[in-house]
There are 2 protein chains.
Amino acid sequence: MSWRKDKDDGRAERGYHHGNLKEALLQAALDLITKKGPAGFTFADAARMAGVSPAAPYRHFRDRDELIASIAQRGFEQFEALLTQAWDDGRPDTVTAFERVGKAYLAFARQEPAFYSAMFESGLPADANPTLMAASERAFAIIRAAAERLAALAPPGMPRPPAMMMALHIWSMSHGVASLFGRGDAARRKLPMSPEDLLEAEVLIYLRGLGFPTDRRPGAAVSDDKPAGPWGKPK
Amino acid sequence: MSWRKDKDDGRAERGYHHGNLKEALLQAALDLITKKGPAGFTFADAARMAGVSPAAPYRHFRDRDELIASIAQRGFEQFEALLTQAWDDGRPDTVTAFERVGKAYLAFARQEPAFYSAMFESGLPADANPTLMAASERAFAIIRAAAERLAALAPPGMPRPPAMMMALHIWSMSHGVASLFGRGDAARRKLPMSPEDLLEAEVLIYLRGLGFPTDRRPGAAVSDDKPAGPWGKPK
DNA sequence: CGGCTCATGTAAAGACCGTTCACATGAGCT
DNA sequence: AGCTCATGTGAACGGTCTTTACATGAGCCG
């Protein structure tokens with residue numbers, strides 16, 4: 001995965017021009033954010049890692065914030081792709097696919113903590129960046145579309161929940177779990193279950209509160225004879 | 001609210017010794033974090049605001065992180081007090097009090113954004129600070145205690161949900177809503193409802209998913225004849 | 001009251017960072 | 001071959017964090 005023209009030995013031989021500095025800086029920034037958090041990340045450090053002078057990055061990014069915004073942008077794009085794939089247009093059935101979206105959300109936060117912090121925890125001025133906002137909107141649109149389909153399936157006899165509200169609820173649950181329990185080298189708090197299971201149970205209970213059948217067997221309905229809880233069977 | 005000995009005209013006459021520097025620094029830091037976020041906050045700025053030299057703060061805090069940790073600590077204490085008051089030992093009834101705790105959580109995040117960011121978004125190494133961890137644990141214990149009481153009320157015929165899990169769920173919902181939609185000068189995203197209503201609906205739906213009656217009339221049970229949704233009546 | 005001590009403040013300095021500016025280089029086009 | 005302009009360099013400015021040596025004076029002890 002080297003972009004160098006000839007040798008790929010780090011930063012050794014290189015002409016006056018780097019050739020792919022913008023990409024190299026984004027990659028370096030990602031590495032640094034992964035290691036030291038978005039606050040600890042340093043513009044100068046990224047330049048050093050790419051083997052250029054501290055002033056070089058300014059040819060590609062107006063300032064440090066624009067670099068972070070670029071990373072967030074890219075993050076939202078990957079995020080959208082991942083969610084789209086997880087949703088898979090509601091296959092094989094809406095509830096299963098919906099659950100998968102929740103899991104994908106958490107998986108992204110855990111596997112790409114650098115992207116995730118750039119996207120949600122870097123304190124960027126939201127209004128200052130319309131294209132970033134649009135990217136975030138597109139990612140959220142996946143969740144919203146899934147909620148739309150789910151809402152349409154609301155069991156008769158129940159009031160139909162607003163899809164937008166459902167989407168916001170799911171988002172807040174996922175973000176809450178990801179942000180509180182999802183990252184950190186070790187679990188910063190002892191949990192009785194994995195973040196994945198925690199989120200899955202949360203979403204299932206929520207869906208049940210809306211009247212959806214949450215058994216895994218397709219076609220199963222909400223039964224009234226001591227249904228098993230979504231948090232696993234007591235052993 | 002002046003701690004100065006005589007004049008309270010900002011930073012004017014003051015002996016060689018400040019007299020209450022630690023307190024003044026904490027207050028200044030709070031103001032600065034409120035204005036510019038935890039990242040924008042500067043140790044030197046706080047010193048300036050207190051009218052002392054940039055080196056003075058080091059007599060009271062090992063470094064910048066320790067100041068932020070102190071603020072977080074204080075935040076957790078106020079947070080705990082607020083949650084305790086909201087819970088009010090489950091009066092007048094458990095579900096109502098539980099709802100109130102959720103609202104109090106959000107209210108704290110909105111009214112004390114500086115504390116909130118110091119507590120949850122400052123990226124402090126969690127393990128490095130046992131007393132901070134303990135303070136956070138005490139605050140969470142309120143939510144957990146409330147969940148415990150609520151779980152004990154689980155309607156017969158339903159499996160009893162683990163209180164710890166409920167507490168974590170409620171926490172993640174509250175934090176998710178607060179962190180995504182709660183702060184920001186303007187709403188950084190157009191919402192169909194206020195964050196308060198959004199969270200209230202989310203918690204009510206969740207509780208209903210656990211089998212709790214969520215009507216406001218005490219004693220009302222989950223009915224099967226077109227119950228009103230917790231998100232407000234369609235007009 | 002006189003003097004001692006030590007917590008608390010200051011000044012100066014080093015290392016680092018973000019940012020800008022004048023200048024150097026060479027890739028790509030004509 | 002020669003020109004041009006995007007891209008990289010070096011030096012510099014102001015700011016921050018932090019340490020070190022020194023100054024001050026509040027509180028105590030006799």
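Naming: A, B, ... by sequence-line order, numbering from 1 per chain.
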A correct 5'-to-3' footprint of nucleotides 5-13 of chain C, with B, S and - meaning base, sugar-phosphate only and no protein heavy atom under 4.0 Å, is --BBBBB--

Would a line drawn from the ring center of A:Tyr58 to the ring center of A:Phe43 be shorter than 6.0 Å?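 Distance test on ring centres: under 6.0 Å, yes.
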
- Message: Can you confirm if the aromatic rings of B:Phe76 and B:Phe120 lie within a centre distance of less than 6.0 Å?
- Response: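 Yes, the ring of B:Phe120 comes within the 6.0 Å limit of the ring of B:Phe76, centre to centre.
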
Which pairs, with at least one residue in residues 104-125 of chain B and sequence neighbours excluded, count as a salt bridge (Lys or Arg N to Asp or Glu O under 4.0 Å)?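 Pairs touching residues 104-125 of chain B that pass the test: B:Arg110-B:Glu196, B:Glu121-B:Arg183.
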
**Request:** State plainly whether the residues B:Arg144 and B:Glu80 are in salt-bridge range, i.e. N to O under 4.0 Å.
**Result:**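 Salt bridge absent between B:Arg144 and B:Glu80.
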
Practice prompt. Hey, could you give me the NE2/OG distance between B:His175 and A:Ser172, rounded to the nearest 0.5 Å?
Written response: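 That separation rounds to 11.0 Å.
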
Measure [atom1]/[X] against [atom2]/[N] and give the value in whole Å, please.
| X | N | atom1 | atom2 | answer |
| --- | --- | --- | --- | --- |
| A:Glu66 | C:dG18 | CD | P | 15 Å |
| B:Lys36 | D:dT16 | NZ | P | 8 Å |
| A:Arg64 | D:dG15 | CZ | P | 19 Å |
| A:Arg48 | C:dA15 | CZ | C1' | 11 Å |
| A:Phe61 | C:dT20 | CZ | C1' | 18 Å |

Requested in this report: State which residue, out of A:Thr94, A:Leu199, A:Leu204, fulfils the side chain to side chain contact (heavy atoms under 4.5 Å, CB included) condition with A:Glu99.
Outcome: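 Between A:Glu99 and the candidates, side chain to side chain contact (heavy atoms under 4.5 Å, CB included) is satisfied uniquely by A:Leu204.
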
query = For residues 38-46 of chain B, which residues have at least one heavy atom under 4.0 Å from DNA chain C?
reply =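 Residues of residues 38-46 of chain B that come under 4.0 Å of DNA chain C do not exist, since none gets that close.
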
Lys/Arg cation over aromatic B:Phe61: B:Lys22, 6.0 Å, 45° cone: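 Yes - B:Lys22 lies over the ring of B:Phe61, closer than 6.0 Å to its centre and within 45° of its axis.
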
Can A:Glu77 and A:Gln73 be counted as having a side-chain donor-acceptor contact under 3.5 angstrom?
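On atom types as modelled, these side chains qualify, holding a pair under 3.5 Å.
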
